[in-house]
Amino acid sequence: MTTATATAPSGLETGAPRRGVLSKMVDRIGGGAVQLIMVLLGLFWLVPTLGLLVVSMRTTQVNTAEGWWTVFTKPAELTLSNYASLLASGFTASFWNTVAITVPTTILVIGIAAMAAYAFAWMEFPGRDAAFLVVVGLLIVPIQIALIPIASFYGGIGIFGTIPGVVLFHVAFGLPFAIFLLRNFFVGIPSSLLEAARMDGAPEWKIFVSVVFPLGKPAIASLGIFQFLWVWNDMLIALVFADTENQPMTKHLQSQMRQFGSNIDILSSGAFLSLIIPLVLFFAFQRYFVQGMMAGSVK
């Protein structure tokens with residue numbers, strides 16, 4: 001009896017993954033050339049930041065008359081007078097107000113969301129699925145529809161215009177996405193690890209602190225960076241709920257705008273100072289950030 005043997009087409013190996021066009025291009029170009037291209041692309045994306053720095057260190061008259069790239073032939077035009085004027089306008093107080101709003105908000109959102117996500121992922125209780133559907137549904141609620149009701153409520157309890165009021169608003173609207181993100185990550189943790197901890201007699205809080213939270217660091221770090229940036233750069237909530245004494249940087253810079261927008265000196269220097277902290281935060285946690293973005297993409 002003769003049996004037919006299936007033969008793979010020429011140039012293909014049975015069971016071998018198909019290579020994409022990008023991987024083939026990398027092989028043809030070479031690893032060193034690809035790295036050079038990536039470096040050039042990175043430098044290209046840094047050009048606007050460099051332009052912002054140069055503009056923030058030149059007077060309004062010079063910025064109006066010339067492009068920022070002329071600084072390479074006229075370095076004597078650089079000055080720190082814009083930063084001195086900005087700091088004298090009360091920017092320092094608004095900077096610390098921003099810190100007082102952003103840091104507690106980020107910590108509260110991460111802490112509450114991590115515990116809630118663990119409960120939704122690994123604890124059995126009545127109405128768990130229905131409650132999670134409610135959390136998911138809250139993702140589509142626009143912030144704008146809650147401004148007037150919450151402002152009226154804040155006025156009734158006496159926290160309108162205060163930093164705690166701004167923090168509570170950010171926490172309330174940051175939790176749905178945070179719970180949704182962390183719950184989906186925690187579900188991917190092997191159940192054998194949790195069962196082994198339960199067999200050893202560990203309570204749920206101990207399992208959360210010793211097993212789930214350390215394994216969830218990549219997702220938690222990614223969430224922390226996103227939440228920090230959202231609150232740090234927020235202006236809408238600050239305009240509505242923060243008074244002049246408690247205003248963050250975004251509202252302070254908006255209040256410094258002059259007629260016809262001829263305030264490039266204030267805006268550029270304020271914008272550059274406001275992005276320093278997020279850049280430091282990102283580079284400090286970029287390893288966890290990349291792990292969090294790649295989590296779940298490879299089994």
Side-chain angles (χ1 to χ4, degrees), residues 101-147 149-150 153 164-195 197-198 204-238 240-241 278 281-282 284-299:
I101 292 172
T102 306
V103 173
T105 298
T106 304
I107 294 175
L108 287 173
V109 168
I110 290 176
I112 298 173
M115 291 185 289
Y118 172 73
F120 283 125
W122 293 108
M123 297 179 66
E124 296 288 344
F125 57 89
R128 183 187 68 173
D129 294 338
F132 185 68
L133 287 177
V134 172
V135 172
V136 174
L138 291 175
L139 289 171
I140 65 174
V141 177
I143 292 179
Q144 291 79 0
I145 68 172
L147 294 178
I150 293 182
F153 174 72
V166 180
V167 170
L168 288 176
F169 191 97
H170 281 300
V171 170
F173 277 87
L175 280 176
F177 174 77
I179 294 173
F180 175 76
L181 176 68
L182 294 183
R183 184 262 180 190
N184 290 342
F185 185 88
F186 290 167
V187 166
I189 296 176
S191 59
S192 58
L193 297 177
L194 280 71
E195 293 300 330
R198 291 191 178 100
E204 293 295 336
W205 68 267
K206 184 69 173 179
I207 297 174
F208 172 74
V209 173
S210 303
V211 179
V212 176
F213 197 86
L215 292 176
K217 280 183 179 180
I220 292 172
S222 300
L223 172 64
I225 292 174
F226 282 126
Q227 184 65 40
F228 186 94
L229 293 178
W230 288 333
V231 180
W232 186 271
N233 296 320
D234 169 72
M235 184 173 178
L236 176 61
I237 309 306
V240 177
F241 294 103
L281 179 72
F282 176 79
F285 294 96
Q286 63 173 336
R287 178 167 62 93
Y288 293 110
F289 179 76
V290 174
Q291 292 176 3
M293 293 295 97
M294 295 297 294
S297 62
V298 179
K299 295 293 184 182

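Just so you know, residue 1 is the first one in the sequence shown, and it goes up from there.
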Residue pair P190 / L194: nearest heavy atoms and the distance that separates them:
O-CD1, 3.7 Å
Give, for atom CG of L182 and atom CD1 of I179, the distance between the pair rounded to the nearest 0.5 Å.
8.5 Å
Which atom of P176 lies closest to which atom of A172, heavy atoms considered:
CD-O, 3.3 Å
What's the shortest heavy-atom distance between L215 and F185, and which atoms?
O-CE2, 3.4 Å
Over all atoms of both residues, closest heavy-atom pair of R128 and A121:
NH1-O, 4.0 Å
Note: L175 and A113 closest approach over all heavy atoms is CD2-N, 3.9 Å
H170 backbone acceptor or donor facing W230 side chain under 3.5 Å:
no
With under 30° as parallel and over 60° as perpendicular, where do the rings of Y118 and F208 fit, or are they tilted in between?
tilted
What pair of heavy atoms forms the shortest contact from A197 to I207, and how long is it?
CB-CG1, 3.8 Å
Within this structure, what is the CZ-OG1 distance for the pair F226 and T106, rounded to the nearest 0.5 Å?
13.0 Å
To the nearest 0.5 Å, atom CG of L138 lies from atom CZ of F180 at 13.0 Å
With side chains defined as the heavy atoms from C-beta onward, is the minimum distance between L147 and I237 less than 4.5 Å?
yes
Is atom CZ of F132 surrounded by more than 12 heavy atoms (other residues, nucleotides or ligands) closer than 6.0 Å?
yes
Roughly how far, to the nearest 0.5 Å, is the CZ atom of F173 from the CD1 atom of I150?
5.0 Å
Roughly how far apart are L193 CG and E195 CD, rounded to 0.5 Å?
10.0 Å
Around atom CD1 of I140, are there more than 12 heavy atoms from other residues, nucleotides or ligands closer than 6.0 Å?
no
Check: V187 and F120 side chains under 4.5 Å, non-hydrogen atoms:
no
Would you indicate whether the side-chain heavy atoms of L281 and L229 approach each other to under 4.5 Å?
no
Straight-line distance of I112 CD1 to I107 CD1, nearest 0.5 Å:
11.5 Å
